[in-house]
Q: 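Structure below; questions to follow.
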Amino acid sequence: MKHIVKIITLLVAISAVWIGLLEMSVVPRSQTWLLPIYFIVSLGCYGLLMVGIGLMHFPTCPQEAVLLQQDIVEAKDFLKQRGVDVNSE
């Protein structure tokens with residue numbers, strides 16, 4: 001519930017700034033109408049940047065890979081004891 005309140009508050013604040021710019025004529029009207037489009041494009045670029053940074057810094061965990069392989073072997077042994085064919089070959 002807290003997350004939706006933050007989103008709504010942010011949208012209301014952005015809308016208030018946009019309407020204020022429209023009313024005060026600080027920015028020419030032809031450019032003010034494009035501000036929501038600029039905002040959406042900027043938000044998309046920010047999202048792509050965050051995904052790219054996350055992919056560049058994606059951690060490799062060799063210890064976790066070894067533990068995962070051990071878990072897979074244990075699971076196969078368990079299932080073989082129960083009579084399940086687990087040969088993936």
Side-chain angles (χ1 to χ4, degrees):
M1 185 66 183
K2 292 179 184 179
H3 194 64
I4 191 74
V5 171
K6 288 180 187 178
I7 292 172
I8 291 174
T9 304
L10 181 65
L11 289 176
V12 168
I14 290 171
S15 298
V17 168
W18 184 54
I19 291 171
L21 287 173
L22 280 173
E23 293 298 321
M24 293 188 321
S25 298
V26 174
V27 179
R29 213 156 182 65
S30 62
Q31 293 177 357
T32 307
W33 286 105
L34 294 174
L35 285 177
I37 295 171
Y38 293 151
F39 175 72
I40 291 170
V41 169
S42 299
L43 189 62
C45 291
Y46 173 75
L48 286 174
L49 177 71
M50 290 296 106
V51 168
I53 289 173
L55 288 174
M56 286 190 305
H57 296 291
F58 191 76
T60 56
C61 306
Q63 309 91 342
E64 296 298 323
V66 170
L67 291 174
L68 181 60
Q69 289 300 325
Q70 289 174 352
D71 288 344
I72 291 171
V73 169
E74 288 176 16
K76 283 183 177 181
D77 290 340
F78 177 78
L79 291 173
K80 282 180 185 177
Q81 290 173 357
R82 303 278 188 228
V84 178
D85 183 27
V86 290
N87 288 332
S88 59
E89 300 169 76

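The analysis underlying the following values was restricted to heavy atoms, covering all of them including side chains, and did not include hydrogens, waters or symmetry mates. Residue numbers run from 1 in the order of the sequence given.
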Q: Kindly give the cluster partners of Val51, where membership spreads through any ILVMFWY side chain lying under 4.5 Å from a current member.
A: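 Its cluster partners, ordered by chain and number, are Leu55.
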
Q: Only one of Lys80, Arg82, Glu74 clears side-chain contact (heavy atoms from CB on, under 4.5 Å) with Phe78; which?
A: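 Answer to the side-chain contact (heavy atoms from CB on, under 4.5 Å) test with Phe78 among Lys80, Arg82, Glu74: Arg82.
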
Q: First locate atom CD1 of Ile14, then atom CG of Leu43, and finally report the distance between them rounded to the nearest 0.5 Å.
A: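 With rounding to 0.5 Å, CD1 (Ile14) is 8.5 Å from CG (Leu43).
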
Q: Cluster partners of Leu11, using ILVMFWY side-chain heavy atoms under 4.5 angstrom, listed by chain and number?
A: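 Besides Leu11, the hydrophobic cluster comprises Ile7, listed by chain and residue number.
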
Q: So if you build clusters from Ile, Leu, Val, Met, Phe, Trp, Tyr with side-chain heavy-atom gaps below 4.5 Å, do Leu10 and Ile37 land together?
A: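 Leu10 and Ile37: separate clusters.
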
Q: If you measure from CD1 on Ile72 to CD on Gln69, what distance do you get to the nearest 0.5 Å?
A: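 The distance works out to 4.5 Å.
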
Q: Under a single-linkage rule joining Ile, Leu, Val, Met, Phe, Trp and Tyr whose side-chain heavy atoms are separated by less than 4.5 Å, which residues share a cluster with Ile53?
A: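 Taking Ile, Leu, Val, Met, Phe, Trp and Tyr as members, Ile53 shares its hydrophobic cluster with Tyr46, Leu49, Met50, Met56.
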
Q: Are Gln63 and Val66 side-chain neighbours, meaning at least one heavy-atom pair lies under 4.5 Å?
A: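 SC-SC contact between Gln63 and Val66 ruled out.
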
Q: For a 4.5 angstrom cut-off between non-hydrogen side-chain atoms, does Gln70 reach Leu67?
A: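 Gln70 vs Leu67: side chains touch.
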
Q: Within this structure, what is the CD-CG distance for the pair Glu64 and Asp71, rounded to the nearest 0.5 Å?
A: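 Going from CD on Glu64 over to CG on Asp71, the span is 9.5 Å.
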
